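Report on one structure; see the data block that follows.
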Amino acid sequence: MSDLFILMLNCVLVENFIFHKFLGCCPFMGVSNKPDNAIGMGLAVTFVMTLSSAVTYVVYHYILVRFNLEYLQTIAFILVIAALVQFIEMFLRKFVPALYNALGIFLPLITTNCAVLGSALLEVEKGYNFIYSVVFGLSAALGFTLAIVIFAGVRQRLELADCPKAFKGMPIALVTAGLIAMAFSGFTGMSLS
């Protein structure tokens, strides 16, 4: 049980997908303008990444490995992720249309979000069993959500900040993202593994 907690803490803080691995930066920069949108995107990514971790584990170990088709893992994983994203897109369109409209183009882009695909590929590379794969996917998604929500709060404060004209908008956002990534690198000193 402590191994799972260490894995979760490691994924959320130490090896955060945004601030350490730099995976998923497109929705991180695109949807982090408002905390509500960031939370919605984080929840959508958490659902897709957790479920895709379970499904891609089964697909890899019980189909691809069994029939010696491991070389098709990237294509198979993208198909699984695309199907899950279509499911969540239909759900949001029907039951939460405001969030569906707020996420806009970034919702279908979860399909090609490198954080989601990277999670599935890293699970195979690290040789996790089913439980560890699901916990890794959930933890990586929670780390992604934490990063995007923190950044959304900072960006909201930056709108009110008095900064030089050349830094208004995206430049100051990029500088701030770099500073937050540096702050998160302080967790690297924690010996969790």
Side-chain angles (χ1 to χ4, degrees), residues 4 8 11-12 16-19 21-64 72-124 128 130-159 169-170 173 177:
L4 292 176
M8 288 184 79
C11 287
V12 172
N16 186 288
F17 269 44
I18 294 286
F19 297 131
K21 297 185 185 307
F22 303 108
L23 294 174
C25 291
C26 178
F28 173 72
M29 294 304 292
V31 181
S32 62
N33 53 350
K34 294 180 184 173
D36 294 342
N37 294 350
I39 291 171
M41 176 57 98
L43 291 175
V45 168
T46 300
F47 176 79
V48 170
M49 199 179 289
T50 305
L51 203 55
S52 72
S53 296
V55 175
T56 56
Y57 178 88
V58 171
V59 166
Y60 181 78
H61 288 284
Y62 295 106
I63 296 174
L64 298 178
L72 294 175
Q73 73 180 2
T74 304
I75 295 169
F77 292 175
I78 288 173
L79 289 173
V80 167
I81 293 165
L84 291 172
V85 169
Q86 287 301 311
F87 171 74
I88 197 167
E89 191 173 358
M90 289 185 306
F91 176 82
L92 288 177
R93 186 182 311 152
K94 177 128 176 115
F95 296 109
V96 193
L99 180 59
Y100 174 78
N101 292 329
L103 293 177
I105 188 67
F106 293 100
L107 188 58
L109 286 178
I110 294 175
T111 303
T112 57
N113 186 342
C114 54
V116 179
L117 180 59
S119 171
L121 292 172
L122 282 170
E123 292 160 12
V124 170
Y128 289 146
F130 181 77
I131 299 296
Y132 275 72
S133 292
V134 173
V135 169
F136 179 81
L138 173 66
S139 304
L142 291 176
F144 177 89
T145 303
L146 175 70
I148 199 169
V149 169
I150 287 172
F151 192 58
V154 170
R155 281 185 74 179
Q156 198 169 36
R157 297 279 308 233
L158 284 174
E159 289 178 10
M170 194 55 68

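On a predicted model such as this, the values are computed, not experimentally measured, just so you know.
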Correct closest heavy-atom pair for Ile18 and Cys25 would be CD1-N, 4.3 Å
Rounded to the nearest 0.5 angstrom, the CZ-CD distance for Phe77 and Glu123 is 8.0 Å
Here the pair of heavy atoms bringing Val12 nearest to Ser139 is CG2-O, 3.4 Å
Applying side-chain contact (heavy atoms from CB on, under 4.5 Å) to Ile110 and Met41, what does each step give before you reach the verdict?
CA-CA 9 Å; Ile110 294 175; Met41 176 57 98; 3.8 Å; yes
So CG of Asn37 and CG of Leu99: to nearest 0.5 Å the spacing works out to 7.5 Å
Worksheet item: Would you say the side-chain atoms of Asn16 pair up with the backbone N or O of Gly143, donor to acceptor, closer than 3.5 Å?
Response: yes
_Can a donor-acceptor pair be found, under 3.5 Å and without considering hydrogens, that links the side chain of Ser119 to the backbone of Ala115?_
no
When rounded to the nearest 0.5 Å, the distance separating CG of Leu72 from CD1 of Ile63 is 11.5 Å
- Task: Check whether any side-chain N or O of Arg155 sits under 3.5 Å from a backbone N or O of Met29 as a donor-acceptor pair, and report yes or no.
- Result: yes
* To do: Look at the side chain of Ser32 and the backbone N and O of Ala152, then say whether any donor-acceptor pair between them is shorter than 3.5 Å.
  => no
Notebook entry, point to check: Any chance the rings of Phe19 and Phe28 have centres within less than 6.0 Å?
Noted result: yes
Next on the checklist: Angle between ring planes, Phe136 versus Tyr128, binned at 30° and 60°: parallel, tilted or perpendicular?
Outcome noted: tilted
Flag yes if more than 12 heavy atoms outside Leu4 fall under 6.0 Å of its CG atom; otherwise flag no. yes
Taking atom types as modelled and ignoring hydrogens, do the side chains of Ser133 and Ser53 form a donor-acceptor contact shorter than 3.5 angstrom? no
So NZ of Lys21 and CG of Leu122: to nearest 0.5 Å the spacing works out to 5.5 Å
Minimal heavy-atom distance between Thr50 and Leu138, with the atoms involved, is OG1-CA, 3.4 Å
Minimal heavy-atom distance between Ile148 and Val31, with the atoms involved, is CD1-CB, 4.4 Å
query = Yes or no on side-chain contact (heavy atoms from CB on, under 4.5 Å) for Leu117 and Leu121, after CA distance, side-chain angles and deciding distance?
reply = CA-CA 6 Å; Leu117 180 59; Leu121 292 172; 3.9 Å; yes
Heavy-atom closest pair (Ala44 atom, Ile88 atom, distance to 0.1 Å) is CA-CD1, 3.6 Å
With Ser52 as partner, the option from Val134, Val116, Val59 fulfilling side chain to side chain contact (heavy atoms under 4.5 Å, CB included) is Val116
Here the gap from His61 atom NE2 to Thr56 atom OG1, rounded to the nearest 0.5 Å, amounts to 8.5 Å
Next on the checklist: Suppose we call two aromatic rings close when their centres sit under 6.0 Å apart. Are Phe17 and Phe144 close by that rule?
Outcome noted: no
So OG1 of Thr46 and CD1 of Ile39: to nearest 0.5 Å the spacing works out to 11.0 Å
- Is Arg93 salt-bridged to Glu89, cutoff N-O under 4.0 Å? yes
Nearest heavy-atom approach of Thr145 to Leu43 is OG1-N, 4.4 Å
